[in-house]
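Reminder, nothing fancy here: chain letters follow the sequence lines and each chain counts from 1.
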Amino acid sequence: MTVDLKVTFAGVDHTNPIVAASGTFGYGKEFEGLTDLSALGGLCTKGISPKPRAGNPVPRICETAAGMINSIGLENVGVEGFARDKLPFLRTCGTRVWVNFFGETFDEYVACASALGALAGVDVLEMNVSCPNIKKGGVEFGVDPPVLRDLVAACRRATKRPLVVKLTPNVTDPVAIARAAVEGGADGLSIINTITAMSIDARRRRPRIATGFGGLSGPAIKPIALRMVFQVARAGLGVPLSGIGGIASGEDAAEFLLAGASTVQVGTQSFVDPDACARVARELAAFCAEQGVERVTDLVGALED
Amino acid sequence: MTVDLKVTFAGVDHTNPIVAASGTFGYGKEFEGLTDLSALGGLCTKGISPKPRAGNPVPRICETAAGMINSIGLENVGVEGFARDKLPFLRTCGTRVWVNFFGETFDEYVACASALGALAGVDVLEMNVSCPNIKKGGVEFGVDPPVLRDLVAACRRATKRPLVVKLTPNVTDPVAIARAAVEGGADGLSIINTITAMSIDARRRRPRIATGFGGLSGPAIKPIALRMVFQVARAGLGVPLSGIGGIASGEDAAEFLLAGASTVQVGTQSFVDPDACARVARELAAFCAEQGVERVTDLVGALED
Amino acid sequence: MQYVETQLSENVRLAGGYFVLRIGGCTHVSAARPGQFVMLRGDWGRDPLLPRAFSLLRMAAGGVAEILVKTVGRGSALFEHAPPGARMFVLGPLGVGFPAPQADKRDLLVAGGVGLAPLLFFAEQHRGAPIELIYGARSERDLVLLDDIVLSGAELRVATEDGSRGVKGLVTQALEERLDALAGGGAAVRLLCCGPSAMLDAVRAIARARKLDCLLSLEGEMACGIGACLGCAVATRSRPYRYVCKDGPVFDAGDLA
Amino acid sequence: MQYVETQLSENVRLAGGYFVLRIGGCTHVSAARPGQFVMLRGDWGRDPLLPRAFSLLRMAAGGVAEILVKTVGRGSALFEHAPPGARMFVLGPLGVGFPAPQADKRDLLVAGGVGLAPLLFFAEQHRGAPIELIYGARSERDLVLLDDIVLSGAELRVATEDGSRGVKGLVTQALEERLDALAGGGAAVRLLCCGPSAMLDAVRAIARARKLDCLLSLEGEMACGIGACLGCAVATRSRPYRYVCKDGPVFDAGDLA
Ligand SMILES: Cc1cc2nc3c(=O)[nH]c(=O)nc-3n(C[C@H](O)[C@H](O)[C@H](O)COP(=O)(O)OP(=O)(O)OC[C@H]3O[C@@H](n4cnc5c(N)ncnc54)[C@H](O)[C@@H]3O)c2cc1C
Ligand SMILES: Cc1cc2nc3c(=O)[nH]c(=O)nc-3n(C[C@H](O)[C@H](O)[C@H](O)COP(=O)(O)OP(=O)(O)OC[C@H]3O[C@@H](n4cnc5c(N)ncnc54)[C@H](O)[C@@H]3O)c2cc1C
Ligand SMILES: Cc1cc2nc3c(=O)[nH]c(=O)nc-3n(C[C@H](O)[C@H](O)[C@H](O)COP(=O)(O)O)c2cc1C
Ligand SMILES: Cc1cc2nc3c(=O)[nH]c(=O)nc-3n(C[C@H](O)[C@H](O)[C@H](O)COP(=O)(O)O)c2cc1C
Ligand code: FES
Ligand code: FES
């Protein structure tokens, strides 16, 4: 049985629903020779800011049970460096190019959306709103519905590209946050970013991450991510969802599709196995074939409950 | 080196900081012959409601990466059954008796606090506020600061026993919630309860838990729990904290103490190894000895950051 | 009773994806009765987190516990690849096993898949008692340990869905035929059954229709195996819920709700 | 390059909690140079989640990769207990190794703990070159593979903190003494060092003071080993950060910030 894996997400067609998650796939080039990049539905870059950033001091990562914490500090080459050094390669990969971006201020977000949206070869803009809002005492932009709505609306006005908002899971009510993003004009939602977490070295009496807190990712968070995707899907906000969190197999991907996502992103698993995205795509195809699912889109939201 | 493991929590002295977490240790009796109950600092019972409850349909549990989801449905013998059939044994265990309780309404909470608080042999009352508030459309009592403050205040008036409030982690701002509980009169805070989560059987296209959502526990959530304990500890609310979430070893316990907890609870690990609580207590003593820590209380909040 | 750390002695590959784990150092389980189970963990990290329940296939000399496993998920796959010498953690014996044969009854054991394990144990333990074993599988290559069954002295009948061995059809058809053949439609028969849940349901229906004593060994989602997590609940007539790990895994079919 | 699934051939226990894993089926790593490393995972679930980096000790005939491990945490403990036949997943060779000996320089290798591995590999690979190895440990029983070092032809000096073997004192004292004894304070010497970070720092300071070429093999928190996670950053003079897995693990001491 041949399975049709094609999906359209935020108006952009993808050869399959598997997208490499931001910050876990470098700028694509890092995985050349380690996997077949054209086997991916899409590839999301490391988060880009207006200016280059050197990132946080080490230690930046530590392992936890079935997961890891990172505080890379959004190290990136900046908009210009990206356009000059990274995008040309990405355009040759035979996969959809998602560009993740962020700012430290409202204006930086808008500048980034505008500049990146103007680059040919950028298929989808993904807005990372899990960054500390300096004006509001460092609380994430993404936790306050009115702030988020305005921020998304401003970015929305700055570009015509498909604009996907990546939600933070560190909230009481993900649906309220999702609704605010959609009201602001989001074409899709990515769910979820990392969960704020901490690890302590009891012998050294210090946090294992230089910055104290970091973001938890990996299989450990999958059940939380799946719950949030399902909650938002059930709210019927009218935009497609990209499910993220601990996906490591085709069956994991299918679970997110059933919960209501129409693309899924593979993050931490690419560290465990650089071929993970392509393998998940293969396994998803095999899963569909085994289950007699002709079009992968038939899985989307097909959970019986 | 002999290590002094004694702690005082909410005015009650404990032989060591290790408490068996609610819902993971039955009513104590289940572990007779499987571990030395008198080696525990305390033992928290399954959550008690005014009337007995049969609990949820099966499947009630499923495994996830380094964790599990449960939706037992707060099955319990009710206040009367507890006083008659369970408490007499608990009083003979040589450990502090924590009684966890909950209600479906405001009045049920108060009735429970009052009835349980009147029983001799109950050392600590632990209030589970992660239950759906039927009046508010099933949202947990514990996510709304004003509601929580009033609920705690009402229970506070109903009993003189030490009253510890067990916080839900499903919130944007754990400090705001913690503050509300303390304003209501809590003598201590237990942090955290399970995180709302979901698991899907992709082949059967159904949630793996009969009720759809359930609570995630185990090592997977430890980094989130540790972060929340640290956040609340740093806020300096003036009440002691009991750290909970994925604790499986003496070193895990030490991490929570360093983050600011003065007792810790071992939950899911008792399913992996019925001797876990006693083992964690032994390992914590060995850790202190190795580190030259004379009094376990010296670890509390001693993180350098 | 505590988890005992020990080592895998042998990992015997059988047909059809089945294998037998022979675990040494299990003298603490030696007194186990057929139908009882152990909780088993391998030498892995915190994932899979929970131990797995396995009915005992037999207790061999020198404290070697044997269990019959088929790979279905993550835990069993890790056991499948565990080489001799791999560390194992074993708690048991747990639960309530099958009651011994009764003087006036013929025991008809009905087995499917890994459900063969406790029933073969029963047959071996009660050698000489009037025991028959009806063993069903999809196809001949899913049948395992046939020699052991024969050696146990149990009268063996095989049913395969594709007819590649024994009677063609479901094990329940073979059961009905056998009951029809027995005096009084098998009135002096007791059914002991372990296998997939569809099979348990079908056997239970037959027992109800023919008013036969029937004991079923159930599975259930287990976290602890010791009655603490309340995960393995099963609805019964005598109480709202009983627990597979404490009150079972063997239940009187008549008590199931 | 992909993770290759293979099996542990042998798990050789050495003194002091050290052991050597001999992993068959590693022809893909055969061309590895001393100082390069592999990412290794065992047959466990999703915890520990991440692979572990190990410098190669040597590549033996028939594609057998050898690594020297000491148990310090969860991953190494699982490897310690892995019996022959256990599944292993190996990615490599990764990173940049030690540059080959230079005609006009004497190589002084300074090793501590598992840091011996890449340096012994270097000595074996460059048999005949003027190589000396100064090997430090707390005590005699923490010294491993001494015979192999001698066989490699490297001139061996041992320093133990308790004086139970070789010179009493830290490895850096032995290094300073040796440099003093060499013509021109060791001006025609290149230092290659791998060991605990305190040792690396001390050797770096000596190299700086004496203006010697110095190459250090660093460790760092790694998730991926391929330059993707940006976890293994190390601050350098030439760029704000370089990465242990891509740009190292061997760095010119002069470039470290
Ligand atoms: C009392 C008792 C006795 C048991 N005795 C045996 C025995 O003798 N031999 C044996 O092999 N197993 C036995 N089991 C089942 C065993 O405990 C495990 O559930 C089984 O090995 C699957 O575990 P896993 O980790 O491989 O699968 P998991 O990773 O836990 O599950 C993977 C997938 O398989 C499904 N699944 C889980 N269990 C089963 C099952 N039993 N049949 C079909 N699908 C399943 C799950 O829903 C999931 O989709 C027994 C269980 C109980 C409760
Ligand atoms: C390039 C490179 C090469 C390496 N080569 C080798 C090698 O040849 N042989 C070898 O045994 N290891 C080597 N390591 C280290 C190895 O990758 C693991 O970090 C080490 O085995 C510990 O892993 P673990 O899972 O046992 O400990 P973890 O569970 O990851 O950590 C447990 C505890 O040990 C601490 N810890 C972690 N690593 C070390 C360490 N290296 N020394 C002291 N404490 C530590 C952690 O902070 C933590 O407190 C190398 C690392 C790198 C980056
Ligand atoms: C090392 C690392 C770096 C990340 N960087 C970014 C980033 O720059 N922008 C972003 O939106 N998300 C970032 N993320 C979050 C991931 O894209 C993803 O949402 C999260 O890791 C959960 O998915 P996973 O469990 O599959 O890893 C990063 C995650 C990791 C582990
Ligand atoms: C099966 C199960 C039942 C539980 N029942 C209760 C309960 O009745 N009341 C309560 O406050 N918490 C209950 N909890 C939550 C635990 O007490 C604990 O807060 C949580 O499991 C996190 O700790 P852990 O990771 O160590 O398990 C339950 C947890 C589990 C796994
Ligand atoms: S398995 Fe926990 S109560 Fe039965
Ligand atoms: S280990 Fe990931 S970048 Fe070096």
Side-chain angles (χ1 to χ4, degrees), chain A residues 62 64-69 139-140 143-144 168 170-173 177 195-208 212-214 216 218-231 246 248-259 287 290-291 299 302-305, chain B residues 62 64-69 139-140 143-144 168 170-173 177 195-208 211-214 216 218-231 246 248 250-259 287 290-291 299 302-305:
Chain A
C62 75
T64 66
M68 65 178 280
I69 302 179
V139 173
E140 295 172 48
V143 302
D144 185 338
T168 168
N170 301 306
V171 296
T172 309
D173 184 359
I177 295 291
I195 304 179
T196 305
M198 184 178 201
S199 179
I200 290 175
D201 183 332
R203 291 197 162 70
R204 294 176 51 249
R205 297 195 180 185
R206 289 183 180 282
R208 283 186 194 275
F213 293 171
L216 183 65
I221 70 169
K222 195 183 96 177
I224 303 172
L226 208 50
R227 182 259 295 181
M228 290 189 171
V229 167
F230 182 76
Q231 284 178 310
S249 70
E251 208 171 313
D252 289 342
E255 294 169 24
F256 277 85
L257 298 177
L258 289 165
F287 175 87
E290 172 209 302
Q291 298 286 307
L299 289 177
L303 189 76
E304 295 161 19
D305 66 325
Chain B
C62 74
T64 65
M68 64 177 282
I69 302 180
V139 174
E140 295 173 47
V143 301
D144 186 338
T168 168
N170 302 306
V171 296
T172 309
D173 184 358
I177 295 293
I195 303 179
T196 305
M198 183 178 201
S199 179
I200 289 174
D201 183 333
R203 292 199 160 69
R204 294 175 50 247
R205 297 194 179 187
R206 290 183 180 281
R208 284 187 194 272
T211 50
F213 292 170
L216 183 64
I221 69 169
K222 194 183 94 177
I224 303 172
L226 208 49
R227 182 260 295 180
M228 291 190 170
V229 167
F230 182 75
Q231 284 179 311
E251 208 172 313
D252 289 342
E255 293 170 22
F256 277 86
L257 298 178
L258 289 165
F287 175 86
E290 173 209 301
Q291 297 288 306
L299 290 176
L303 190 75
E304 295 161 20
D305 67 323

> Among B/T168, B/T196, B/V171, which has the most heavy-atom pairs under 4.5 Å with chain A?
Replying inline: B/T196

>> Using a 4.5 angstrom heavy-atom cutoff, name the option from B/I195, B/I69, B/D173 with the most pairs to chain A.
In response: B/I195

> Going through the distances and angles, do A/N170 and B/R227 end up as a side-chain contact (heavy atoms from CB on, under 4.5 Å)?
Replying inline: CA-CA 12 Å; A/N170 301 306; B/R227 182 260 295 180; 3.7 Å; yes

> Do you know which of A/A225, A/P207, A/A197, A/A65 has the most heavy-atom pairs with chain B at a distance under 4.5 angstrom?
Replying inline: A/A197

> Where does A/L216 contact chain B at under 4.5 Å (heavy atoms): side chain, backbone, both or neither?
Replying inline: side chain

>> For A/L226 versus A/A259, what's the shortest heavy-atom pair and its separation?
In response: CD1-CB, 4.1 Å

> What part of A/I224 lies closer than 4.5 angstrom to a heavy atom of chain B: side chain, backbone, both or neither?
Replying inline: both

> Is it the backbone or the side chain of B/F256 that comes under 4.5 Å from a heavy atom of chain A, or both, or neither?
Replying inline: neither

> So what's closer than 4.5 Å to chain B heavy atoms on A/A248: side chain, backbone, both or neither?
Replying inline: neither

> Of all heavy-atom pairs between B/G246 and B/K222, which one has the smallest distance, and what is that distance?
Replying inline: O-CD, 3.9 Å

> Looking at A/A220, A/A202, A/G218, which one has more heavy-atom pairs under 4.5 Å with chain B than the rest?
Replying inline: A/A202

> Side chain, backbone, both or neither: which part of A/L299 has a heavy atom under 4.5 Å from chain B?
Replying inline: side chain

> Can you tell if the side chain of A/L303 reaches within under 4.5 Å of the side chain of B/M198, non-hydrogen atoms only?
Replying inline: yes

> About how many Å separate CG of A/L258 and CZ of B/R204, when rounded to the nearest 0.5 Å?
Replying inline: 12.5 Å

> How far does CZ of A/R208 sit from CD1 of A/I200, to the nearest 0.5 angstrom?
Replying inline: 9.5 Å

> Does any heavy atom of chain B fall under 4.5 Å from the side chain of A/Q291, the backbone, both, or neither of them?
Replying inline: side chain

>> Tell me every residue that passes salt bridge (Lys or Arg N to Asp or Glu O under 4.0 Å) with B/R203, counting only those two or more places apart in sequence or in another chain.
In response: A/E251, A/E290

>> Out of A/G214, A/P223, A/A254, A/G67, return the one with the most heavy atom pairs under 4.5 angstrom to chain B.
In response: A/P223

>> Tell me every residue that passes ring pair (Phe, Tyr, Trp, His ring centres under 6.0 Å) with A/F213, counting only those two or more places apart in sequence or in another chain.
In response: B/F230

